[in-house]
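Presented below is the structure to which this report refers.
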Amino acid sequence: MRIYVETNGKKTSWGYRELAEVMWFKEKNGKELEISHVGNDETLRNSFYLSLSLDKWLNDERWKKEKSPLQFQDIELNYHKEKKIIEIVSKHVKILTVDERAMYILTIELAKDLGGRISENGSENWQSVAEFEKNHKDILSLTYDKANDLSLKEAVTMVAEEEPWEYDEDFEVEDE
């Protein structure tokens, strides 16, 4: 799954932890959110690089029983400098509802912060934040708890299908 956000040449004001807490939750049952990440506030703000993953088994004991590779969902940001576009990507074609919801929230928050539009088809068509929210209202209307409960059920039946990771030449990630 891939989504693109225009940056309009701007830098984000978000920190990685703040984004993660909006995507999933800040604190639940007296326990802070447990995430894994590659990158930090500096890499996010300077080059839009970040990888976030919800440590499901540390946030909900029920995940310890699941052996699905889908419980390890990384959501990555890659910056395409020449086009001034952030690519938000998951390594899986199909992702669990809890992570799909988080990916949509991340997309919305970055697009709002940067004043950018959103594309779900490789920048062929662009939509406003409001249009994106309308198109994904079913997932976005779920609470974290409901999305997590659905994901526990999905993990049993959903097959892990990885993205081919072949990038379009127009969207090659550039080293800074």
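What you see is a predicted model, and the numbers here were worked out from it, not measured in a lab.
The closest donor-acceptor contact from the side chain of E154 to the backbone of T97 lies under 3.5 Å. Checked by atom type and distance alone, the side chain of S90 never pairs as donor or acceptor with a backbone atom of I75 at under 3.5 Å. At distances below 3.5 Å, not a single donor-acceptor pair connects side-chain atoms of R2 with backbone N or O atoms of I88. Looking at N59, its side chain does come within 3.5 Å of a backbone N or O of E34 through a donor-acceptor pair. Judged by distance alone, with hydrogens and angles left aside, the side-chain atoms of E6 form a donor-acceptor pair with the main-chain N or O of R117 at under 3.5 Å. Counting only distance, with no hydrogens or angles, the side chain of N8 and the backbone of K10 share no donor-acceptor pair below 3.5 Å. Within the 3.5 Å criterion, the main-chain N or O of K91 finds no donor-acceptor partner in the side chain of D74.
We find the CD-CD1 distance between Q73 and I95 to be 5.5 Å, quoted to the nearest 0.5 Å. Rounded to the nearest 0.5 Å, atoms CZ (F132) and NZ (K137) are 14.5 Å apart. Q127 CD to I3 CD1: the interatomic distance, rounded to the nearest 0.5 Å, is 9.0 Å. If you take OG1 on T107 and CE on M23, they are separated by 8.5 Å, rounding to the nearest 0.5 Å. Atom NE2 of H37 sits about 11.5 Å away from atom OG of S53, to the nearest 0.5 Å. The CD1 atom of I118 sits 7.5 Å away from atom CD of E120, with the distance rounded to the nearest 0.5 Å.
Salt-bridge formation is detected for the pair K64/E61: a Lys NZ or Arg NE/NH1/NH2 atom is positioned less than 4.0 Å from an Asp or Glu carboxylate oxygen. A salt bridge is defined here as a Lys NZ or Arg NE, NH1 or NH2 lying under 4.0 Å from an Asp or Glu carboxylate O, and R62 with D149 meets this definition.
Evaluation of the salt bridge (Lys or Arg N to Asp or Glu O under 4.0 Å) test over residues 98-109, restricted to residues two or more places apart or in two chains, returns K56-D99. Applying the ring pair (Phe, Tyr, Trp, His ring centres under 6.0 Å) test to every pair with at least one member in residues 106-126, sequence neighbours left out, gives no pairs at all.
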Checklist line | Working for side-chain contact (heavy atoms from CB on, under 4.5 Å), residues Y79 and K84 | finding: CA-CA 7 Å; Y79 183 46; K84 295 184 174 92; 4.0 Å; yes

Notebook entry, point to check: Does the salt bridge (charged side-chain N to carboxylate O under 4.0 Å, His left out) test come out yes or no for K28 and D145, once each step is laid out?
Noted result: CA-CA 10 Å; K28 187 158 182 48; D145 289 328; 2.5 Å; yes

Next item on the list: Give the intermediate values and the outcome of side-chain contact (heavy atoms from CB on, under 4.5 Å) for residues I105 and L140.
Entry: CA-CA 7 Å; I105 291 169; L140 290 166; 3.9 Å; yes

Next item on the list: May I have the step-by-step check of side-chain contact (heavy atoms from CB on, under 4.5 Å) for F48 and L114, ending in yes or no?
Entry: CA-CA 12 Å; F48 289 110; L114 302 168; 3.9 Å; yes

Next item on the list: Would you please test K26 and L33 for side-chain contact (heavy atoms from CB on, under 4.5 Å) and show each step?
Entry: CA-CA 6 Å; K26 182 175 183 171; L33 172 68; over 6 Å; no

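Using a 4.5 Å cut-off between side-chain heavy atoms of Ile, Leu, Val, Met, Phe, Trp and Tyr, with links allowed through other members, I35 and L110 fall into the same hydrophobic cluster. Linking Ile, Leu, Val, Met, Phe, Trp and Tyr residues whenever their side-chain heavy atoms come within less than 4.5 Å leaves L150 and L96 in two separate clusters. Following chains of ILVMFWY side-chain contacts shorter than 4.5 Å, one can reach V129 starting from L106, so the two form part of one hydrophobic cluster.
When all heavy atoms of W24 and Y144 are compared, the pair lying nearest together is O-CB, 3.7 Å. For D41 against G15, the heavy-atom pair with the smallest separation is OD1-CA, 3.1 Å. Here the shortest heavy-atom pairing between R17 and E32 reads NH2-OE1, 3.9 Å.
Environment of NZ in K65: sparse, with no more than 12 heavy atoms of neighbouring residues, nucleotides or ligands closer than 6.0 Å.
When the options L52, L44, T12 are evaluated for a side chain to side chain contact (heavy atoms under 4.5 Å, CB included) with L77, the one that passes is L44.
The aromatic rings of Y4 and H80 sit tilted, their planes meeting at an angle between 30° and 60°.
Taking Ile, Leu, Val, Met, Phe, Trp and Tyr as members and joining any whose side-chain heavy atoms lie under 4.5 Å apart, directly or through other members, the hydrophobic cluster of Y49 also contains V38.
In summary, the side chains of S119 and N121 do present a donor paired with an acceptor at a separation below 3.5 Å, with no hydrogens or angles considered. A donor and an acceptor atom, one from each side chain of N148 and W63, are located under 3.5 Å apart.
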